[in-house]
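Everything below concerns the one structure shown next.
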Amino acid sequence: MHLVSENDSLYFVNSKNKAVKYKTDTLCDLTIIGSKSRSIPAAASILGNIINM
C-alpha cells in the first residue's frame, strides 16, 4: 500500500530521505528532497532553501 500516488513528487522519497512539499502562488508545487541526514541538519537545509528562494 502506498500513501501517495505514482504521479506525486513525494512518491520517489524512500528509506531515510526527507522531503517537504509546498504549494505557492508563484511557483505552483515545489518539492525539496534531501538525502540521508539527521533531522536538525535536514531542517536547517530546508530553511536555507526557503530563505534563498
Tell me, please, which residues at least two apart from Y11 pass side-chain contact (heavy atoms from CB on, under 4.5 Å).
->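 Counting only residues at least two positions away or on another chain, Y11 forms a side-chain contact (heavy atoms from CB on, under 4.5 Å) with H2, V4, E6.
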
| Taking only residues two or more places apart in sequence, or in another chain, which ones meet S9 in a side-chain contact (heavy atoms from CB on, under 4.5 Å)? |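 With neighbours one apart ignored, the set is K21, T31.
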
inquiry  = Test side-chain contact (heavy atoms from CB on, under 4.5 Å) on N14 and F12; report intermediate values, then the result.
reply    = CA-CA 6 Å; N14 57 19; F12 299 101; over 6 Å; no

Pairs satisfying salt bridge (charged side-chain N to carboxylate O under 4.0 Å, His left out), at least one member in residues 42-52, at least two apart: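 Non-adjacent pairs meeting salt bridge (charged side-chain N to carboxylate O under 4.0 Å, His left out): zero.
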
- [ ] State the CG-CG distance between L3 and D8, to the nearest 0.5 angstrom.
- [x]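 Output value for this atom pair is 10.5 Å.
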
Show me the donor-acceptor pairs, under 3.5 Å and distance only, between side chains in residues 23-30 and residues at least two apart or in other chains.
from	atom 1	to	atom 2	distance (Å)
K23	NZ	D29	OD1	3.4
T24	OG1	L27	N	2.9
T24	OG1	C28	N	3.2
T24	OG1	C28	O	3.1

